[in-house]
There are 2 protein chains.
Amino acid sequence: MARPRMFDEAAVLDAAAREFRVHGFAETSTERLCEAAGVRRSSLYNTFRSKDDLFVRALEHYVSTIARLQAAILEDEALPGAERLLSLVDLVISEEREAAERGHAAGCMVVQSLMSPNLRARDERVARLLDRDLRARTSLLEGAIRAGHLDGTVSPALGPGDGAMLVNTVISGLRVTAQTGADAGTLRRIAVAGLRSLLG
Amino acid sequence: MARPRMFDEAAVLDAAAREFRVHGFAETSTERLCEAAGVRRSSLYNTFRSKDDLFVRALEHYVSTIARLQAAILEDEALPGAERLLSLVDLVISEEREAAERGHAAGCMVVQSLMSPNLRARDERVARLLDRDLRARTSLLEGAIRAGHLDGTVSPALGPGDGAMLVNTVISGLRVTAQTGADAGTLRRIAVAGLRSLLG
DNA sequence: CTGGTTTTGGATATTCAAGTACAGAAAGGT
DNA sequence: ACCTTTCTGTACTTGAATATCCAAAACCAG
């Protein structure tokens, strides 16, 4: 019927997310995006309406990738609740370590976006996306915490709601602290200390 | 001898920091900065060499303002160690609440800058500034924690070094979580839970 | 007053990035 | 084989943002 695409949309979104993470939205030119993705401008603009749209799609892609990994851990019925939380922390730490080793320090795209009021104000979709992501992760965390309450590995001192927020807050904090050059071992000690209220 | 300046340098830095916080570095035009500060372009460029330099100065200004407030709390000999840490948390929470109430959500400039790899890569001075700030705050925190160890209000489970990093991490996390719209009461509960290893 | 020095205002280069236009290429159903 | 449809490459337009230039103004020492 028509000429097929010569590139993989998901691969472009991956490359775009990487560039945005490393250089930030405003300082990533479309030319850079093209180079990084190995695609010409018209293809980009043909597939994604604008730089803004591409960013939204890339963030969406990034978020859903991360979310999938986290869900696999947090819903793993084979693990007791507390272990799920610790595995999540380890996942985050290894993500940060990887990013740090890859040369440019590139923090988590979600935290970056949350800390860029402009991005959220400029595009309603970004705000909604981040909000949805937060809700989804919170709900996963609540599930794991409830499981921990039942199997006795998570202290009942905190309810699932506050517990989930605590985990979220500690993880965000870790992602910031990681940018200061802290090594994986230190990050893990801090995380365990921060989750003391849950882990007992 | 020469024509005197018609504006206050510190006021300009204040206004600039506010704009940078709300809109981010790249998306704050020099025109906006001029308007916000009530100063003409040539005055800006005459006083501060470039937009980059102005940003560095503004960040410096912001950091030293915050640091002064925090030092006053953390070195307050009248307070036991644990109270100092809690007061610091309350200070942070009230900063975030104020920012949130002022319309545009504008997160902490330090966390914002830490999460913008580009900013740090682009200007060595920003990286150094953030590093110095981290070190200074860490050292203040260690002092307060040591004081708490001595007066018995802070658990010796964590050493001063790890304790300081924990507080820093929790505070950064709070500053991110604040951007998701959490209210002051919730933030405080989370903070107390996160600092359990020190306070408990 | 006056000369020297710095600031100020406004206008103006200069650069650069986002997005568009359009012609031609690659399918593939009919 | 043809014709419709979508993709691709290049060149261009347009707009905006940083930075500079220069003349006029303000100040003060001598």
Side-chain angles (χ1 to χ4, degrees), chain A residues 1-59 113 116-119 121-126, chain B residues 1-59 113 116-119 121-126:
Chain A
M1 193 119 74
R3 178 173 179 177
R5 222 153 249 178
M6 309 220 50
F7 60 91
D8 178 20
E9 204 170 301
V12 171
L13 289 177
D14 258 335
R18 217 177 359 256
E19 290 302 306
F20 282 132
R21 267 179 78 187
V22 172
H23 301 105
F25 174 79
E27 307 222 24
T28 303
S29 68
T30 55
E31 199 171 343
R32 255 189 148 127
L33 289 167
C34 291
E35 257 184 67
V39 163
R40 301 285 172 186
R41 276 170 116 98
S42 38
S43 301
L44 259 200
Y45 277 93
N46 186 35
T47 312
F48 313 96
R49 205 181 285 274
S50 65
K51 189 183 168 188
D52 288 55
D53 281 26
L54 175 56
F55 179 83
V56 173
R57 295 285 311 276
L59 179 57
S113 302
S116 308
N118 208 30
L119 263 184
R122 183 172 162 151
D123 201 317
E124 195 61 28
R125 288 169 300 174
V126 173
Chain B
M1 194 118 76
R3 178 170 179 175
R5 218 152 253 180
M6 309 218 51
F7 61 88
D8 178 20
E9 204 170 301
V12 170
L13 290 177
D14 257 336
R18 214 174 5 255
E19 291 301 309
F20 283 132
R21 264 179 81 188
V22 172
H23 301 104
F25 175 79
E27 309 222 23
T28 303
S29 67
T30 55
E31 200 172 342
R32 255 189 147 128
L33 288 167
C34 292
E35 257 184 68
V39 163
R40 301 285 171 186
R41 278 178 121 88
S42 38
S43 301
L44 259 200
Y45 277 92
N46 187 35
T47 311
F48 314 95
R49 205 180 286 273
S50 65
K51 189 183 167 187
D52 288 55
D53 280 27
L54 175 56
F55 178 83
V56 173
R57 296 283 312 275
L59 179 57
S113 303
S116 308
N118 209 29
L119 264 184
R122 184 172 162 151
D123 200 318
E124 195 62 27
R125 288 169 299 173
V126 173

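Chain A is the first sequence line, chain B the second, and so forth, proteins listed ahead of strands; every chain is numbered from 1. Only this structure's heavy atoms are used, side chains among them; waters, hydrogens and symmetry mates stay out.
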How about E31(A): does its CD atom have over 12 heavy atoms from other parts shown lying under 6.0 Å from it? no

Any side-chain N or O of R40(A) below 4.0 angstrom from OP1/OP2 of dT8(D)? no

Rounded to whole Å, please give me the gap between OH in Y45(A) and C1' in dT20(C). 10 Å

Rounded to whole angstrom units, what separation is found between the CD atom of E31(B) and the P atom of dT12(C)? 15 Å

Hey, which sits more toward the 5' end of DNA chain D by its nearest nucleotide, A26(B) or R3(B)? A26(B)

Nearest whole Å is fine: how far is dT15(C) P from K51(B) NZ? 18 Å

Of the nucleotides dA18(C), dT18(D), dG9(C), which one has an atom closest to the side chain of S42(B)? dG9(C)

S43(A) side chain N/O closer than 4.0 Å to the phosphate oxygens (OP1, OP2) of dC7(D)? no

Looking at T30(B), does any N or O in its side chain come under 4.0 Å of the phosphate oxygens OP1/OP2 on dT18(D)? yes

Would you mind telling me which of dT8(D), dT18(D), dG19(C) lies closest to the side-chain atoms of R5(A)? dT8(D)

Can you check the E9(A) CD to dT8(D) C1' distance for me, whole Å? 16 Å

pair L13(A)-F48(A): side-chain heavy atoms closer than 4.5 Å: yes

Integer-rounded Å distance: dA26(C) P and N46(A) CG: 17 Å

Using a 4.0 Å heavy-atom cut-off across all strands, classify F7(A) as base, sugar-phosphate, or nothing. sugar-phosphate

Taking atom P of dT20(C) as reference, at what distance in whole Å does atom CG of L44(A) sit? 13 Å

Let me spell it out: for each of A2(B) and F25(B), pick the nucleotide of DNA chain D with the closest heavy atom. Which residue's pick is nearer the 5' end? F25(B)

Could you say whether P4(B) or R41(B) is positioned toward the 5' end of DNA chain C, judged by the nucleotide with the nearest heavy atom to each? P4(B)

Just wondering, do D123(B) and F55(B) contact through their side chains at under 4.5 Å, heavy atoms? no

Has K51(B) got its NZ or CZ under 6.0 Å from the middle of the six-membered ring of F20(B), at an angle within 45 degrees of the ring axis? no

Rounded distance in Å - CZ (R49(A)) to P (dA18(C)): 18 Å

Round to the nearest Å and state the distance from L54(B) atom CG to dA17(D) atom P. 16 Å

Would you say V12(B) and L44(B) make side-chain contact, with heavy atoms under 4.5 Å? yes

